[in-house]
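Letters go in sequence order (proteins before strands), and every chain restarts at 1.
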Amino acid sequence: MKDTIISLLDGAIVTLKHQGVLPNDIQAVIKVDPTKDKAHGDYASNLALILAKPAGKKPRELAEILIAALPQDAAVTKVEIAGPGFINFFAATTAAAQVVAQVLDCGDAFGRSLIGKGEKVQVEFVSANPTGPLHVGHGRGAAIGDCLCRLLEATGYDVTREFYYNDAGVQIRNLALSVQARAKGLGPEDASWPKDGYRGQYISDVADDYLAGASVAADDRHVTAKGDPDDLDAIQEFAVAWLRREQDLDLKAFGVEFDVYFLESSLYEEGKVEETVKRLVENGHTYEDAGALWLRTTAFGDDKDRVMRKKDGDYTYFLPDVAYHLNKWQRGFKTVINEQGADHHSTVTRVRAGLQALEVGIPQGWPDYVLHQMVMVTRSGVEVKISKRAGSYVTVRDLIDEVGRDATRFFLAARRADSQLTFDIDLARSQSNDNPVYYIQYAHARVCSMLRKTQDAGQDFDHDLALANLALLESDQEKAVMNRLARFPGVVENAAKNREPQQIAQYLLTLAGDFHTCYNAVKVMVEDDTLRNARLGLGLATRQVLRNGLDLMGVSAPEEM
RNA sequence: GCGCCCAUAGCUCAACCGGAUAGAGCAACGGCCUUCUAAGCCGUAGGUUGCAGGUUCGAUUCCUGCUGGGCGCGCCA
C-alpha cells in the first residue's frame, strides 16, 4: 500500500516535470508514513512541504498541483490536503485488507526481509568473565543482544553470536585464591582471606565440588577436579570450568545460545597479542615511559594515551581487546556490534583508536557499540542489592526463578538501552493486567481460544472464504488492526537498523491493544459464514504477527492462559 | 575538573532517519461479564516534553549554554 502511494506520487512528479510545472532538476525522496490519527487518512506524505522551496511554491498550493497530477488507483479512495500541506491518502478497505491475506500467506516469514543480503554480522554480548553467576546487568545485555541478533536474522543478515571472556587474568587468579581459601576452611572474616576475594555462596560450592573431585562440563570445556587444595592452578582450571557451566545454565534458562565462545587466553597462545604489539610498534604509534609501553591513542581521538604493557611485563586488558577485534575484522565481519554495559564505555574510543593505529584498513568508527545503562532491581518499592547465590548482586537466575523467563526477557529488552532501567519484581511477577507481557500474550491466547471455539462448533476456518471476503472488515477497529499489521515489517526493519529491540516491544503492546479493542467491539462468532471467516482471518493474522513479534524477543506465545 | 548517557502526565515508559492535536500502562474517578477468556474493553481527568536561547514552513527529536541524576576518568576488566 505504502509503495503504491509512493509510486503514485512519483508518477505525479514525472508528469509535472514534463509539463514544466516542476523544475527538471528537482530531486525528492518521497516519504509516505502511516498516520497517527485516522482523521488524517491511512497514509500521509510531506512531499509538498519538502518540495515547496525548490519548486518556488507555497506548500498547500503545490499539494493541490500534485494531487491533480496523481494517477488514478483503485487502492486509494480519497486524497486530501491538510495542515500546512500534508497530503493524506485514504485507502480502500479491500486494499487495506490485503494485509490479512499477506500475513496468512507468509506465516512465520511475515516481517522478515532480505535487506541484509546475507551479509555477515557479528554480535558480541554478555562477555562476562567466569568469576560468578550472571547478574542483572548481564541479563539486560543478554536480552538486548539476543533480540538484536533475532532482528538481524529476520532482516536477512548472517549473524554470529559471540561471547568473549577472560580466563586467565588477575581476576581469575583472584577467583582461584578465593576458592582455595574456602577449600581450606577460611571465610571472608579471617585475616588471611585474600584481598578483594569473591564472597558469594557459590565460592564455597566450587570449593566443595573441587575437594570432592567432581567433574564439570561447560559448553567449551570439561574438567575433573584434582581435589588438592594446595594446587592453585588446578583449582583455577576447575573454578573457571565450574563458573562457565554456571553461566551456561544461566543462559540456557534465559534461552540464549552462542555460536562462539572466544577465550582471551587463545590470543596469547596463538601469538596474536605479540603480533598486535609488533604492528603497533612498527607503525610508530608507541613509546616507552616509566618502564611501560604506551600507545599514542590521543592521535586517534582518545583523551589520554594508554598503557599497553605494564612495567611488570604483563599486558593491560586493552591490548588483547585490540587483538581480538583485529581477529574479528580478519574473520571478515564488516559489521560488528558490541553490546556492553555503559560502565565500560571508555573502552570504545580506546579500542577504536588501537584499531586505527594498526593501519590495516579498518574504517573509523568500527566496530559499532550498543551500550546499556544500569539496572536497578526493586521489590516492594525498595532496591534489592543482595542475593544468596552471588552475595552482593542480583543474578539473572534469581529473576528467572522468581518472575519467569518471558517476563525477565521482556522487561530487560523493552526499554531503550541508553536509559536506566528499574526492574520491578512485583510488577514482573504479577499475573494481572498491570503486566505488559501478559497483556500481549493474552491477546495471542484469545485468538487461539476463538479458533478452538469455532472448531468445537464445527465451523472450521475456511481460508479461501475468508480471503474472498476481506472487504467485510469495515469497522474502524478492524481497520486499525489491519493498519497496525501492515506496519510490522517496517517496524522490524527499523528496529534492526537502529539497533533498538524495544521498538518491537512497543509495537506488540499497541498491536495487542488494537486487538483487544477490536475483540470487544466486533464479535467474530456470527452465523454468517462469510463474515465469520473474514473476521477469523483477521484474528489469525493478528495472532501470527503477535507470535512473530514475540519470537523476535524470545518470548513465548501461549495458546491459552 | 574532564568525557559519555539520561531528563516527557502523580508513577513506569513510548513517540517510526524533524511532521499535523506528544501517546500507552499503572495509580484516581465513572461505566461494561445469562453473548468468542474481565489477564479484557469504554469514558473522565491528568503536560510550558528540566531551564534559556538558536537552526526552519515545522523541534520531544538537531545545535549551544545551564540545572539535576547515572556511569566512567587504574600500569583493573
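- The base of A20(B) has none of its N or O atoms less than 3.5 Å from a complementary donor or acceptor on the side chain of N46(A).
- Under the stacking definition used here (centres under 5.5 Å, planes under 30°), the residue F86(A) qualifies as stacked on the base of A20(B).
- The residue among I87(A) and T517(A) whose nearest nucleotide of RNA chain B lies closer to the 5′ end is I87(A).
- Ring centers of Y369(A) and H345(A): at least 6.0 Å apart, outside the cut-off.
- Note on K53(A): a side-chain N or O is less than 4.0 Å away from OP1 or OP2 of C57(B).
- Listed candidates were A77(B), C41(B), U35(B). Nearest to the side chain of S346(A) is A77(B).
- Inter-residue side-chain proximity for R379(A) and E402(A) is flagged as met; some heavy-atom pair is nearer than 4.5 Å.
- For R446(A), a side-chain nitrogen or oxygen approaches OP1 or OP2 of A38(B) to under 4.0 Å.
- For R415(A), the side-chain atoms get nearest to U12(B) when compared with the rest of C36(B), U12(B), C75(B).
- In this model, no side-chain donor or acceptor of D303(A) finds a partner on the base of G3(B) within 3.5 Å.
- The phosphate of C73(B) has neither OP1 nor OP2 within less than 4.0 Å of any side-chain N or O from R350(A).
- Between Q373(A) and L421(A) there is no side-chain heavy-atom pair separated by less than 4.5 Å.
- With centres under 5.5 Å and a plane angle under 30° as the test, the ring of H344(A) is not stacked against the base of G72(B).
- Of the candidate nucleotides C36(B), A77(B), C5(B), C5(B) has the atom nearest to the side chain of Q373(A).
- With hydrogens and angles ignored, a donor-acceptor pair closer than 3.5 Å exists between the side chain of Y317(A) and the base of A77(B).
- When distances are taken from the side chain of A82(A) to each of C4(B), A20(B), C13(B), the shortest belongs to A20(B).
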